[in-house]
Amino acid sequence: MNQVLAQISNHARSLSQVLQSSDEVGLNQLYVLKVLESFSKIGKIRARQVLDELQIDHKTKMSSLSADQKASLLEALQ
């Protein structure tokens, strides 16, 4: 999981790559909030605001996001 977060913070993974469906265990076990906060262009405050606007619980794991939620997140954060 730490490796995934490090790749995000080092710009090795984009938001669209992270939100694509994946069987990667490390990514799927992370909370959506933690993943979004790892992007320098999003940050903690904006991540929480967007999740609240889209009515996505901060404790939702990446594997639990629906395709519609992923599309909404991508649209709101780009």
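Residue numbers count from 1 along this sequence. These numbers come from the heavy atoms of this one structure, side chains and all, not from hydrogens, waters or symmetry mates.
- The side chain to side chain donor-acceptor pair (under 3.5 Å) pairs that include a residue from residues 54-64 are Asp52-His58, where partners are two or more places apart or lie in different chains.
- A single hydrophobic cluster is not seen to contain both Ile42 and Tyr31; linkage of ILVMFWY side chains at heavy-atom distances under 4.5 Å, directly or through other members, places them apart.
- For the atom pair CD (Gln7) and CD (Gln17), the distance works out to 9.5 Å, reported to the nearest 0.5 Å.
- The two atoms that bring Ser40 and His11 nearest to each other are OG-CE1, 3.3 Å, heavy atoms only.
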Please list every donor-acceptor pair under 3.5 Å in which a side-chain atom of residues 68-78 meets a protein atom from a residue at least two apart or in another chain.
{"unit_1": "Gln69", "atom_1": "OE1", "unit_2": "Ser66", "atom_2": "N", "d": "2.9"}
{"unit_1": "Ser72", "atom_1": "OG", "unit_2": "Asp68", "atom_2": "O", "d": "3.0"}

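- Remark: Phe39 CZ to Ser14 OG distance equals 6.5 Å, nearest 0.5 Å.
- When all heavy atoms are compared, the tightest approach of Leu5 to Ser38 is CD2-OG, 3.2 Å.
- Between Leu33 and Lys44, every side-chain heavy-atom pair lies at or beyond the 4.5 Å cut-off.
- Leu51 CG to Leu36 CG: the interatomic distance, rounded to the nearest 0.5 Å, is 5.5 Å.
- Note that CD of Glu37 and CG of Leu30 are 11.5 Å apart. Values are rounded to the nearest 0.5 Å.
- Taking a cutoff of 4.0 Å between a charged side-chain nitrogen and a carboxylate oxygen, Arg13 and Glu24 qualify as a salt bridge.
- For the atom pair Ile8 CD1 and Lys34 NZ, the distance stands at 10.5 Å (nearest 0.5 Å).
- To the nearest 0.5 angstrom, Asn10 atom CG is 11.0 Å from Gln3 atom CD.
- For Asn2, the CG atom sits in a loose shell: 12 or fewer heavy atoms of surrounding residues, nucleotides or ligands are nearer than 6.0 Å.
- Annotation: side chain of Arg46 is not in contact with side chain of Lys41 (no heavy-atom distance under 4.5 Å).
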